[in-house]
Number of protein chains: 2
Amino acid sequence: MEDNKGGAARAAEELPGGRALPKTGKSEQTRAVILETAMRLFRERGYDKTTMRAIATEAGVSVGNAYYYFESKEFLIQGFYDQMTHDHARDAASRMEGVRDFAERLEIALVSWLDCAADYHEFAAQFFRTAADPDSSLSPFSNESHPARATAVALFRDVLMDSDLAPKLDAELAELLPDLLWLHLMVVVLYWVFDRSPDTTRTREFVHRSTPLAARVISLSRYRAFRPLVRDAKGLIQDFILPTIGRTPLPDRPTTTDASAPTTRRRKPRKPAT
Amino acid sequence: MEDNKGGAARAAEELPGGRALPKTGKSEQTRAVILETAMRLFRERGYDKTTMRAIATEAGVSVGNAYYYFESKEFLIQGFYDQMTHDHARDAASRMEGVRDFAERLEIALVSWLDCAADYHEFAAQFFRTAADPDSSLSPFSNESHPARATAVALFRDVLMDSDLAPKLDAELAELLPDLLWLHLMVVVLYWVFDRSPDTTRTREFVHRSTPLAARVISLSRYRAFRPLVRDAKGLIQDFILPTIGRTPLPDRPTTTDASAPTTRRRKPRKPAT
DNA sequence: ACCGGTTTTTGAACATGTTCAAGCAGAGGG
DNA sequence: CCCTCTGCTTGAACATGTTCAAAAACCGGT
């Protein structure tokens, strides 16, 4: 009986699979009420100031009940993340419609994220903090691939594939790029989290400056002079970045034949006694 | 009397300035005992498993006393960070002696960090998590520049300046690079934190692969074909990365004359009701 | 309508980070 | 020797995330 197949028990572990299950049961409703209440309070008072007791009370349930649906307070963040990713994908797609220029499309996608996240700027810091914990399954880097991450990467595939740049790229690069663009977003998010300028204007400028540069790098990568560099960079990304991100099942032996031993050998240094 | 000028009260806020104040008072000793005990327990049991009560008991003081010296549990991490940075700088410098090749020097510096941090792999995840909080003064990105960060950047300046690459670079680039190399370390740290391979072998391989690439990029940046790209990248870094990192006092108006308005204008999207 | 099982809900109990009013110790002065 | 002041120390009390045994609600079958 430990695998409780039905219902929403251990919901936090089940749901990543599908936020969808409509399930006539009113249980889903309770879950929804708790999540919505939590998100409202997070937005109103911030993460730390919102106690589980307050969430429960406001949602009209007991504190234990909240824990029945969400493994921990952090798992409530998951709900936020999923929803925002979804909203972002929708919004960005609609804004990009008709635009062809790659740099522009990329900027639109990134700015769209900033707009979607604007209300949660303070709260998001907390989210980011959580994401930085490798033990937390919330981490976008964790191998158990988030469906949310897949959604985001898919968006960036569209950014690329419906742009004027797509036909000019070789297939291999086109394969890597969506994940790299997603990484670009992660960098922007990092920047944004630390951005204290009013209305995060600075992050917006950062995006405005960095997207044309990214576009240029990608464009140039086709030229002869850059070949060897691009080849090595690709290798690095394929062997070390994507697997970590959960894209591929982590090859124990990198695809390159010669993974020569590091030049520097282990040697534990010990700090000198004070 | 609120500014208690002397002593170590509010020590956590005083000390970042100077770990030094020897202060005959035995109070310094109490502080040291608490910090050492905490670090030992962190190493032995991990951060979360180590309770403040345990630290206090093992250190032979009361729990309240620990709070007299350290504003919170997180501030104990500061102690760890400072010490490790110092050890790293020392160890890396000694290992690099005589080596001239830039890529090699860089790899040595990074591997040295991995060795210094090895004992704290699990614990460091927690540290990283803390560092990801922009409100925490522990964050290496916070504007109130950590002395520890300065130490680390200085190390990378040495990595560069004593290498065979130094004479070939223009002054402007040489100015930026130490910070960028430090960022490289940050990326490695990020990788390392998430690395679950035994003995973090994977991170070591990652370093081994990424350092020659970094060296190559820097080398190539001198060539004609790359000029415009390098120029823009420099601008981006100077205007947006370094100020955020606390290197320069954050110019409200970027140095470029034309900071044209973002192409995409604010437009708050609202998620469709379920 | 009743029964056995399963899902949902409850609230008290627990663990742990943090605070604070009160106690203690040593230094200086009388 | 006693008084006082100041920096140090204490431990009980508090706030809040989390657990858990038990109660309640629900459901399908008879």
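All values below come from the heavy atoms of this structure, side chains included, with hydrogens, waters and symmetry mates left out. Chain A is the first sequence line, chain B the second, and so forth, proteins listed ahead of strands; every chain is numbered from 1.
A salt bridge links D179(B) with R149(B); the closest basic N to acidic carboxylate O contact falls under 4.0 Å.
Note: CG (L76(B)) to P (dG17(C)) measures 11 Å, nearest angstrom. Atom CZ in F75(B) sits roughly 10 Å away from atom P in dT18(C) (whole-Å rounding). As rounded to whole Å, 12 Å separates atom P of dT9(D) from atom CZ of F70(B). Spacing between atom CG of L41(A) and atom P of dT16(D) amounts to 13 Å, rounded to whole angstrom units. Rounded to a whole Å, the CZ atom of R31(A) is 17 Å from the P atom of dT7(C). Whole-Å rounding puts the E74(A) CD to dT16(D) P distance at 17 Å.
Taking every side-chain heavy atom of Y69(B) into account, dC8(D) is the closest of dG17(D), dT9(C), dC8(D).
Y81(A) is linked by a ring pair (Phe, Tyr, Trp, His ring centres under 6.0 Å) to F127(A), H146(A), counting only residues two or more places apart in sequence or in another chain. Scored by the side-chain hydrogen bond (donor to acceptor under 3.5 Å, both in side chains) test, E122(A) finds no partners at all (sequence neighbours excluded). With sequence neighbours excluded, the residues forming a side chain to side chain contact (heavy atoms under 4.5 Å, CB included) with A124(A) are W192(A), listed by chain and number. Not counting sequence neighbours, the partners of E74(A) by the side chain to side chain contact (heavy atoms under 4.5 Å, CB included) test are Y47(A), S72(A), T130(A), S136(A), L138(A), R129(B). Among residues two or more places apart in sequence or in another chain, the salt bridge (Lys or Arg N to Asp or Glu O under 4.0 Å) test is passed with R40(B) by E44(B), E58(B). Every residue meeting the side chain to side chain contact (heavy atoms under 4.5 Å, CB included) condition with S62(B), not counting sequence neighbours, appears here in chain and number order: N65(B). T30(B) is linked by a side-chain hydrogen bond (donor to acceptor under 3.5 Å, both in side chains) to nothing, counting only residues two or more places apart in sequence or in another chain. The side-chain hydrogen bond (donor to acceptor under 3.5 Å, both in side chains) search around S197(B) returns D195(B), not counting sequence neighbours.
When the side-chain nitrogen and oxygen atoms of S62(A) are compared with OP1 and OP2 of dT9(C), none of them lie within a distance under 4.0 Å. The shortest distance between the side-chain N/O atoms of T30(A) and the OP1/OP2 oxygens of dT9(C) is below 4.0 Å.
DNA chain C is contacted by R53(A), V61(A) of residues 46-61 of chain A, taking any non-hydrogen atom closer than 4.0 Å.
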Kindly list each side-chain donor-acceptor pair under 3.5 angstrom involving residues 49-57 of chain A, sequence neighbours excluded, with atom names and distances?
residue	atom	partner	partner atom	Å
T50(A)	OG1	L41(A)	O	3.3
T50(A)	OG1	G46(A)	O	2.7
T51(A)	OG1	R53(A)	N	3.4
T51(A)	OG1	A54(A)	N	2.9
T57(A)	OG1	R53(A)	O	2.8

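Taking the C1' atoms of five terminal pairs at each end of the helix from dA1(C)-dT30(D) to dG30(C)-dC1(D), the two resulting helix axes are inclined by 20°, rounded to 10°.
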Show each protein N/O and nucleotides 19-26 of chain D N/O combination with a separation under 3.5 Å, one pair to a line.
none

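Each of D91(B), L155(B), D87(B) was evaluated against S112(B); a single residue qualifies, D91(B), per the side chain to side chain contact (heavy atoms under 4.5 Å, CB included) test.
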